[in-house]
Amino acid sequence: MSKELEREAAEIEEQVYALAGETFNLASPKQLGEILFGKLALDPKAKKTKSGQYATGEEVLSKLAGEHEIVRLILSHRQLVKLKSTYVDALPELIAQDTGRIHTTYNQFVTATGRLSSTNPNLQNIPIRTERGREIRKAFVPRDADHVILAADYSQIELRIMASFAEDTSMIEAFKEGQDIHAATAAKIFQVPLEEVESDMRRKAKTANFGIIYGISAFGLAERLSIPRGEAKAIIETYFQQFPTVKAYMDRVIEEAREQEFVSTLLGRKRYLRDINSRNFTMRGFAERNAINTPIQGSAADMIKIAMIKVHRWMEAEGLRSKMILQVHDELVFDAHKEEVELLKQEIPRLMEEAMELKVPLVVEVGTGENWLEAH
DNA sequence: AATTTCACG
DNA sequence: ACGTACGTGAAATTA
């Protein structure tokens, strides 16, 4: 794959230089910015970063993709180089001599919310979103032919936690009925029957749901959806009108944070928010979004940790040969002995679903395969 | 060492 | 008018 990516990247690089009319270091955002916004003048209103050079990140380039062929080429070059340098070339170097396997280190004391983080290598950001990326994920395979990869992941865990915290009856009802939560949200905010929800409405509702968890702003939603700010504002207003207890919950969390200068997760982890009463709008806004997001993200982290302990204790008690090998925030991955697969597929979802009791049902999806990609 | 970009949930 | 979605880590360039 390294050779293949190298060759493709080099080909694209040549095309970029031809279109630019000169060679430069394509890996240098600074030089690239000068070409795109200086020489080619692709955007008279090009934004600069805080260090004064032109911003050339993915969001900037995607908006320009229609303007000039060179932009599309740069984006695909970036993708290939990223996959090659961060994964394809780096991971084989990290195979331990004694085990012949890659071993990550999980950090328990890094994140502000209580999640784990993973380093050297980071195995919590293995590609999956693009076709080229998925090829990399296929390289993660079981120890031998007697094993398979088993992956179990919580479905919509953060939205369920929010619905439970907010005690929102209609959202809880949607989860109880096993509905497609983004479609159900779309029906509410666009005020149409569930059967009449179109894909574009669902897409907008999905983005709105994520936005809610992150502490939404009309500006942010408008950016993500490429719609006018007024339309985004209307979506948010209708959202809170349709889910009034969600709005009340958000207000309550921020109010509590102001009084205590911290927020807490379900199991009592605290995050101090010293800027929550700041007179500086930007700093206070940041703290308010943290106040909304941290209890949700952090409680999901609490939950999967409980699940990991329960699953590990159960596996130990049963004397199983299978091993829990990875945690990726809402997912557990196992190197599963084929003779134990049926038992694991029954018990792991149950143990994960019973890690905590919320006001919504918890759902865990489980799959197996010859590699990590197939197990999803 | 800081900055920029981009991979994931 | 401001300045804007949450949490991470790694690689390459720049200072």
Side-chain angles (χ1 to χ4, degrees), chain A residues 24-33 47-62 74-75 77-91 93-94 104-107 110-130 132-134 136-137 153-159 162 207-225 229 232 236 250 263 271 279-298 300-301 304 326-332 372 376:
Chain A
F24 58 98
N25 185 355
L26 185 48
S28 161
K30 188 178 172 166
Q31 293 180 36
L32 177 63
K47 293 207 178 81
K48 303 250 179 110
T49 66
K50 62 182 166 188
S51 69
Q53 46 173 315
Y54 292 113
T56 69
E58 197 271 335
E59 282 179 28
V60 174
L61 296 190
S62 286
I74 292 161
L75 282 167
H77 183 267
R78 284 251 179 95
Q79 190 197 76
L80 299 178
V81 167
K82 179 77 172 186
L83 296 178
K84 179 177 186 291
S85 65
T86 306
Y87 304 101
V88 176
D89 290 344
L91 291 175
E93 298 298 318
L94 292 162
T104 186
T105 299
Y106 284 110
N107 309 293
V110 165
T111 71
T113 58
R115 276 186 172 184
L116 302 183
S117 80
S118 160
T119 57
N120 190 31
N122 181 358
L123 294 185
Q124 291 182 319
N125 72 344
I126 298 304
I128 195 170
R129 291 177 187 172
T130 66
R132 309 300 296 250
R134 286 192 281 275
I136 292 170
R137 193 166 276 237
D153 60 281
Y154 283 110
S155 164
Q156 304 293 354
I157 188 60
E158 294 192 351
L159 266 186
M162 188 194 72
T207 304
N209 273 331
F210 274 110
I212 291 289
I213 289 170
Y214 296 154
I216 204 163
S217 72
F219 180 93
L221 186 64
E223 280 291 302
R224 302 277 155 165
L225 289 174
R229 202 153 342 156
I236 294 168
M250 305 278 166
V263 290
R271 180 176 187 178
R279 266 78 72 201
N280 180 314
F281 178 94
T282 304
M283 289 170 66
R284 189 174 69 248
F286 201 3
E288 287 173 355
R289 293 193 296 278
N290 287 156
I292 288 169
N293 178 259
T294 296
I296 298 171
Q297 185 181 122
I304 196 167
L326 290 175
Q327 189 257 41
V328 192
H329 309 307
D330 63 357
E331 172 186 17
L332 298 178
W372 192 5
H376 266 100

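Residue numbering restarts at 1 for every chain, and letters A, B, ... go by the order of the sequence lines.
If you check every strand for non-hydrogen atoms under 4.0 Å, A:E58 touches sugar and phosphate atoms only. At a threshold of 4.0 angstrom between heavy atoms, the contacts of A:A300 with the nucleic acid are absent. Residue-level contact check: A:V81 touches neither bases nor backbone, having no heavy atom under 4.0 Å from any strand. Among the protein residues, A:N125 comes within range of the nucleic acid bases, having at least one heavy atom under 4.0 Å from a base atom. No engagement by A:T104 is indicated, since no non-hydrogen atom pair under 4.0 Å with the nucleic acid exists. Among the atoms of the strands shown, only primed sugar atoms or phosphate atoms (P, OP1, OP2) are found under 4.0 Å from some heavy atom of A:A90. The residue A:I213 sits apart from the nucleic acid: no heavy atom pair falls under 4.0 Å. Within 4.0 Å of A:L116, counting heavy atoms only, lies no atom of the nucleic acid at all. Residue-level contact check: A:K82 touches the bases, meaning some heavy atom is under 4.0 Å from a base atom. Nucleic acid contact for A:S217: base, since at least one base atom lies under 4.0 Å from a heavy atom of the residue.
With C1' as the reference atom, B:dT5 and C:dC2 are 27 Å apart, rounded to whole Å.
Looking at every heavy atom in both residues, A:P121 comes nearest to A:L94 through CB-CD1, 3.7 Å. Taking both residues in full, the closest heavy atoms of A:H329 and A:Q327 are given as N-OE1, 2.9 Å, listed atom of the first, atom of the second, then distance.
Side-chain nitrogen and oxygen atoms of A:T282 include none within less than 4.0 Å of the OP1 or OP2 phosphate oxygen of C:dG3. Residue A:R115 has no polar side-chain atom (N or O) positioned under 4.0 Å from OP1 or OP2 of C:dT8. A:Q31 has a side-chain polar atom (N or O) that falls below the 4.0 Å cut-off from OP1 or OP2 of C:dT14. Between A:R129 and B:dC8, a side-chain N or O to OP1/OP2 separation shorter than 4.0 Å is present. Residue A:N107 places no side-chain N or O under 4.0 Å from the OP1 or OP2 atom of C:dT8. A sub-4.0 Å separation between OP1 or OP2 of C:dT13 and a side-chain N or O of A:N25 is present. Taking only side-chain nitrogens and oxygens, A:R289 comes nearer than 4.0 Å to OP1 or OP2 of C:dC6. Residue A:R137 places none of its side-chain N or O atoms closer than 4.0 Å to OP1 or OP2 of B:dC8. Contact between the side-chain N/O atoms of A:S28 and the OP1/OP2 oxygens of C:dT14 is found at a separation under 4.0 Å.
Within the shown strands, C:dT8 is the pairing partner of B:dA7 under the Watson-Crick or G-U definition, both distances less than 3.5 Å.
Between the CG atom in A:L116 and the OG1 atom in A:T105 there is a gap of 12.0 Å [rounded to 0.5 Å].
Below the 3.5 angstrom threshold, one finds no donor paired with an acceptor across the side chain of A:R284 and the base of C:dT4.
Less than 4.0 Å separates DNA chain C from no heavy atom of any residue of residues 49-57 of chain A.
The separation between A:E93 atom CD and C:dA11 atom C1' is 14 Å, rounded to whole Å.
Distance from the side chain of A:T86 is smallest to C:dA11 among C:dA5, C:dA11, C:dT8.
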